[in-house]
Structures are given as C-alpha cells and as structure tokens.
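Because only heavy atoms are used, hydrogens play no part in the values below, and waters and symmetry mates are left out as well, while side chains stay in. Naming convention: chains lettered A, B, ... in sequence-line order (proteins, then strands); numbering from 1 in each chain. Just so we're clear, the structure is a prediction, and the values are computed from it rather than from any experiment.
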Protein chains: 2
Amino acid sequence: MNIGEIARRAGVSRSTVSYVLSGKRQVSAEIRDRVTAVIEESGYRPSATARALAQGETRTLGLVIPPMRHHLSVDQLHFVGAVAEAAADHDYDILLSPSGQDRDRAFERMLGERRVDGVIVMETLLHDSRVSTLIERGFPFVTIGRTGSGQEHGWVDLDYAGLVSEGVGKLHALGHRDIALVNRPQELLDREYGPAFRAADAFDKAVVELELHGVARCCDDDDDAAAACVEAIFAAAPAVTAILTINERSLAGLVTALAERGSRVPEDVSVLAIASARNAMSLRPKVSAAEVPAERMGRHAVEALLRRLAEPEGELAHVLLSPPFVDRESLAPRPG
Amino acid sequence: MNIGEIARRAGVSRSTVSYVLSGKRQVSAEIRDRVTAVIEESGYRPSATARALAQGETRTLGLVIPPMRHHLSVDQLHFVGAVAEAAADHDYDILLSPSGQDRDRAFERMLGERRVDGVIVMETLLHDSRVSTLIERGFPFVTIGRTGSGQEHGWVDLDYAGLVSEGVGKLHALGHRDIALVNRPQELLDREYGPAFRAADAFDKAVVELELHGVARCCDDDDDAAAACVEAIFAAAPAVTAILTINERSLAGLVTALAERGSRVPEDVSVLAIASARNAMSLRPKVSAAEVPAERMGRHAVEALLRRLAEPEGELAHVLLSPPFVDRESLAPRPG
DNA sequence: TTGTACGCGTTATCAT
DNA sequence: ATGATAACGCGTACAA
C-alpha cells in the first residue's frame, strides 16, 4: 500500500493525498473526508524511508553507547532507556551505536550513511575523537559529559567537581580530617574520562583548601577491586575515617570490604557516594548518596539536540546538573 | 556528495559507480580504480535512506523495550546492549521502541512506517498483543520469551520451568522439605508474564512430585517488598529452610531481610536465585544462582531474526537456554 | 558499460 | 482556491 494506491482509490492525485496528510495546503472537506476514509480502511501509513529521502531528515537520533565489554553501569543503562522514552515523546526514534575504541563501524555508518539527524554521545572523554569527528563533519550532536578542550558543542553533564567538593565539605563538617576518594578505574583516568578526572582534581583542591589529609585511589569497576582498594587506602592512610566514592559499580564491594576488615559503618568509617538511589539503598547500612539523575539527563540531552536540529544557529545547551546528597545511614561524626 | 557526483568526477555513469560499490557486476580494473579513488578522496558513502528505498530493506532491526517506568532490571538492560552489539557485528543497526501498554506509538511507527526489517520483542507475555499484531501483519520478528498460546513464531527463552524444577531439586537433595518461591510481582503473574507464570507452575509441580511443603509468593521488584515477602513467607510457613527466588530486583532486600529477622544464610536458611552473577556475587554471603545469560540471549535473538530475514520460509528458531546453577555461599543442608 | 525505469513521498508549478 | 502534473531526493538493477 502506497500513496499512489490511496490516490487511485480515492479518485484523486498523489499530491492531494499528501496534502491531506500533511495539512500543508487547504483541501476541500469533501475530498479530505474521502481520502481520510480510504486511508483509514486501508491502514495506510507513509513509508518512513521514502519520506526521509524526500525531506532529507530521518526523524531518528543516534545514541552512541560504550561497548558492553566496558560493563555498563546501571546508570548508563538507565540513561539509554530514558533517552529512548524522551525521544519517543517527541515522535523520534533512537538508533543505537555501540562504539568506542576499536568498535567504530556503527558510528561511521550512522554519520556517513546519514541514518540519523543528530547524535547523542555517552561517556565523553576530555579529548574525544568522536566529538572531533562530529565537529569536523558539522554533524549536530550533544554529549553527555563535557569535553575538556573547550570545543564548542552542546552538553549535559553531572557536576562531579561540585559534588566532590560538596561531599568532602559534608564529611569535613562532620569532623572528618582523613578522607579517602574512591575513583573510577585508572584506565579511565588515563584516558581522561571527565568524571574521573574532574573528581580527582576537585578532591585534591578540597583537601588543600580544608587542610585535610586525603588519599585518592582508582578502583576497577567491580566488587573485588573494591576490597583491594580498601586495603590500599588503609595501608596508605590508617587514620581514614571517611570514604567518598564515585564508583557506583564497586559500592557494594566497598561496604562488604569494610565490614570484613572490621570497620563498622558509620561508627568507624563514614561512607558517602555518588550513585543511583536503587544501588545505595539496597546496601546495609543504606548509603548516603547523590543520585545520578539518568532520567533527567536523558530528557535534557534529547531536548537539547532537538532544539539544535530546529535551530542550528541557536545557542548551545550547557546543562550542569548537581543532584542533592541524600542522607541515609552511612554518615556519622568522626569517631573518638 | 551523492553517487551522481562521484560518477561525474570519475567520468562514468551512476550505475557503474553502483556496481563498483556492490561488486554485483564485473567492472574493468582501470575504471574500478578510478572510481574507487574518487570515492576515497571525497569520503563518499551511499545514503542509507536512498539505498533502503531502492532495495526495500533498511538493514535496521527494531527492539521493543518495556517502558522505563517498569524499572528495567540489570539483565534487561544488559540485553539491550548485547542486542546492539550483536547487530553491529552483522552491520545492522538497532532502533529502540519503548512500548507496552499505553505507550505504543513508537511500536506502531516502526511497523507502519516500515522503519525496520524485523523486530525483537522483549518481555513477552503469554498472551501478547504485540505478537498478535506482528503475526497479523506478517512482520518478521522473534521474541524473548515464548508466548503461551502456541502462536507460531521464533523465540529465545530462558527455561524458567526447568530452572525452577532443578533449583527445587537441588534444595531437596540438601534435605530441605519446606521451600519457598519468591516470584515476580503479582501484577506480572496476572498479566501472564511467561517467567512468572511458568516458574509458579513448575514450583507447584515440583512440590507435589517431591512431596514437599511449598510456599509461593509474589514480590514486587524492590528491596522493601522483599522484606514484606519474607515476613509473609514465614508467617505462612514458619518451618521454611530454603528460598528459591527468580526476582533479581529484590534479591539484595531478601538477603538483608533474612539477616534482620535473625535468620542466618546459609545456616538457617538456604538461598538460591536466578539472577545475574554481578548481582548475586555482590551480596554477602555470595548467593548461589543460575545466571541469566543476557549476552547469549541477545546474540541468539539477533541471529535468529537475521536468519528469518534471509530465509523467510526457513524453520523458526526455538532457543531454550538453561544456564547452570553456580554454587556460592548461600546453600547448606537442612539444619537440625 | 550505459541509459533508464523504479521505489515512494514531497512540493513547486501549472491549470482550472 | 484546488486539483493535477512533474521534478526531485538517491541508489539499484534490468534492458539495451
């Protein structure tokens, strides 16, 4: 079933059917009704492909996700769902491209073959080749996470620097003077992954500013690594009484590792995290945390990109989110 | 840049360029090299839209995901990533459609506007309107999870019935005679969600067969619900010494609820789960579990669908996976 | 190897 | 003011 067949059955020309559908021109009530009736009874819908070819836009957005082998976190995965829903609310579809490092064919396909009108890039690095590519080609996009080089582009980001400062401040206010930071894996820090990099930086600054004794450690994204990390922290600084972690994926391991070495939370050690509420609340004690607002970030990203598509010369969106820390059961004043 | 421009620059016809690209016809080495050179230096890639229109296939697969408000589980989300990667490995892209219940516009769009060549349906119900729609329209698809009505279609499923029988058998072999099943939410059971339904059924059968005392309880997908569920279980059957759960999302809550009521795992109560390894291992004690093989299921689904597209009359794929239970620290013989 | 019809909507232009 | 005609977007594949 195509537009020509509808036109034939309704006894009008193809363009008339098109105008009935788009409303871009007045069509007499009589003909409009006749065409509409034929469309109804035949269940006709215009082919997205043909329309895309004619209009030069696909009404599809690309979402560049990190390869699975990086074991996506719950937050990242939620973000994918949130983006899909936000896009659906605007009658846009989301095309997935698992890319990064060696896996770039899907990304190339999306851009080169013009499968999408614009792109959302997840897990942006401070120096990100995908961003450079997109800028070079003049392809509309927004990133989740800022790049560091001041490249001009729209972004939605979580204020890791601010959150870490605030978190350290909270612990400081509770009297803690020996504080550890559990960061994301060293590999990500080396590759200048924004959150890891900015968290490390903000932590160092806060330590100096508040005249604390601070230890920052990278930790692989799993529970076993957390155990090793806890050992390393207390080996380096036995007096630590508070831990701030931005590593959601090892949070459960962190809590159990503390328990296993006999440190009670929060009596001996306070724990503060940046992690999804689901994750923080399923632990015992429930961990105080600032929640990564995946849902909101997804919506912001989609809307920023759609605005860009509507107004290519409009202002770039810069959305910096800073969710509040929610106090649960893992914080206490410095012991002793 | 389009194929006509390439043809002009290379001094050949458009069809020759097309044949150079597709290799569907012999082209003289000289012309081939000339064309290839022009393509190289211009960075030309054929438009996916135009090609889709010409060939009648989009090289895109649709993935129907449940709405976010159902709070996707880690497994489900991993599955999305796995599908995207498997598709990318075959140079296909994945189009996301968050659908189900009221949210069906994206689904309708995918089918009606022919945005995709085939569809993968997640979270299939025993009687699933999406499956009926797909069959009616003769649209190629595979489901994750079987429907119950014997409708003809390809599927990939986890053998919940078999796993529950096996799990109960394991607990029985350890001497347990009072066993509880923690199922998915009542709402899902009512809607005849396959895993919930088949698990309940298999549990009942195993209980009869092995002459056990069994209690089956539905549990909402969160940790608080698990606490209520544990209470309900012991209220109904105080002698329970083993719990089998297929509810991954409340697993952490289940373990802490047991601890909080003073039941030691595994000394007092054994726990066996069907859940992702990540999830089971991050708990203390580490929970013995059969892992939901999201990765494999994703690959199977993509490959089954691609086979179907290649051979529409070929056999329907029926893949029933039954991952092994991995013993960790949550199982012990019946106490006393 | 090339010319050209075709797939399917959209929209500018012409005719009424 | 409406309806019809035709060109266009871009690649594919058959006939010549």
Near-strand residues of residues 2-12 of chain B, defined as heavy-atom separation under 4.0 angstrom from DNA chain C: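 Hits under 4.0 Å, by residue number: B:V12.
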Member of B:D128, B:T124, B:D157 meeting the side-chain hydrogen bond (donor to acceptor under 3.5 Å, both in side chains) criterion with B:R146: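 Going through the options one by one, the only one that passes is B:D157.
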Candidate pair A:R299 and A:D89, rule salt bridge (charged side-chain N to carboxylate O under 4.0 Å, His left out), full reasoning: CA-CA 10 Å; A:R299 293 212 109 71; A:D89 288 341; 2.3 Å; yes
Flag the pair [X] and [Y] as a salt bridge only when some basic side-chain nitrogen lies within less than 4.0 angstrom of an acidic carboxylate oxygen.
X      : Y      : value
A:R191 : A:E187 : yes
B:R307 : B:E303 : no
A:D93  : A:R59  : no
A:E108 : A:R137 : yes

DNA chain D contacts made by residues 27-46 of chain A, counting heavy atoms under 4.0 Å: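 Contacts with DNA chain D under 4.0 Å: A:V27, A:S28, A:I31.
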Residue-level proximity of residues 48-59 of chain A to DNA chain D when a heavy atom falls under 4.0 Å: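 The stretch gives A:A50, A:L53, A:A54 as the residues lying under 4.0 Å from the strand, ordered by number.
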Atom OH of A:Y92 with >12 non-hydrogen neighbours under 6.0 angstrom: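 Enclosed: over 12 neighbouring heavy atoms sit under 6.0 Å from OH of A:Y92.
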Heavy atoms from other residues, nucleotides or ligands near OH of A:Y193 exceed 12 (cutoff 6.0 Å):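 Counting neighbours around OH of A:Y193, more than 12 heavy atoms of other residues, nucleotides or ligands fall under 6.0 Å, so yes.
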Phosphate OP1/OP2 of D:dA13: any B:K24 side-chain N/O under 4.0 Å: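 Checking D:dA13 against B:K24, a side-chain N or O does come within under 4.0 Å of OP1 or OP2.
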Phosphate-side-chain proximity, B:S18 and D:dT12, N/O vs OP1/OP2 below 4.0 Å: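 The answer is yes; a side-chain N or O of B:S18 sits under 4.0 Å from OP1 or OP2.
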Sugar-phosphate only, base, or nothing, as touched by B:T16 at under 4.0 Å among non-hydrogen atoms: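 Result for B:T16 = base.
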Restricting both atoms to N or O, compile the protein contacts to nucleotides 3-5 of chain C shorter than 3.5 Å, with distance only.
unit_1: C:dG3; atom_1: O6; unit_2: B:S15; atom_2: OG; d: 3.1

Nearest-Å distance for atom pair CZ/P, residues B:R114 and C:dC8: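 For the pair B:R114 CZ and C:dC8 P, the rounded distance is 8 Å.
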Atom pair distance, as rounded to whole Å: CZ in A:R25 and P in C:dC14: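 Answer to the nearest Å: 13 Å.
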Tell me which donor-acceptor pairs under 3.5 Å the side chains of residues 14-21 of chain B have, and how far apart each pair is, sequence neighbours excluded?
unit_1: B:S15; atom_1: OG; unit_2: B:S13; atom_2: OG; d: 3.0
unit_1: B:T16; atom_1: OG1; unit_2: B:S13; atom_2: OG; d: 3.1

ring-ring contact (aromatic ring centres under 6.0 Å, His included) against A:F141, all qualifying residues, sequence neighbours excluded: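 Scan of A:F141 (ring-ring contact (aromatic ring centres under 6.0 Å, His included), adjacent residues dropped) gives A:H153.
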Full working for side chain to side chain donor-acceptor pair (under 3.5 Å) between B:T60 and A:R115: CA-CA 10 Å; B:T60 302; A:R115 278 174 187 266; 3.2 Å; yes
Backbone N/O of B:F107 and side chain of B:D104: donor-acceptor pair under 3.5 Å: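 Answer holds: no.
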Partner of A:V156 by side chain to side chain contact (heavy atoms under 4.5 Å, CB included), out of A:V319, A:L305, A:L320: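 Testing A:V156 for a side chain to side chain contact (heavy atoms under 4.5 Å, CB included) against A:V319, A:L305, A:L320 leaves exactly one candidate, A:V319.
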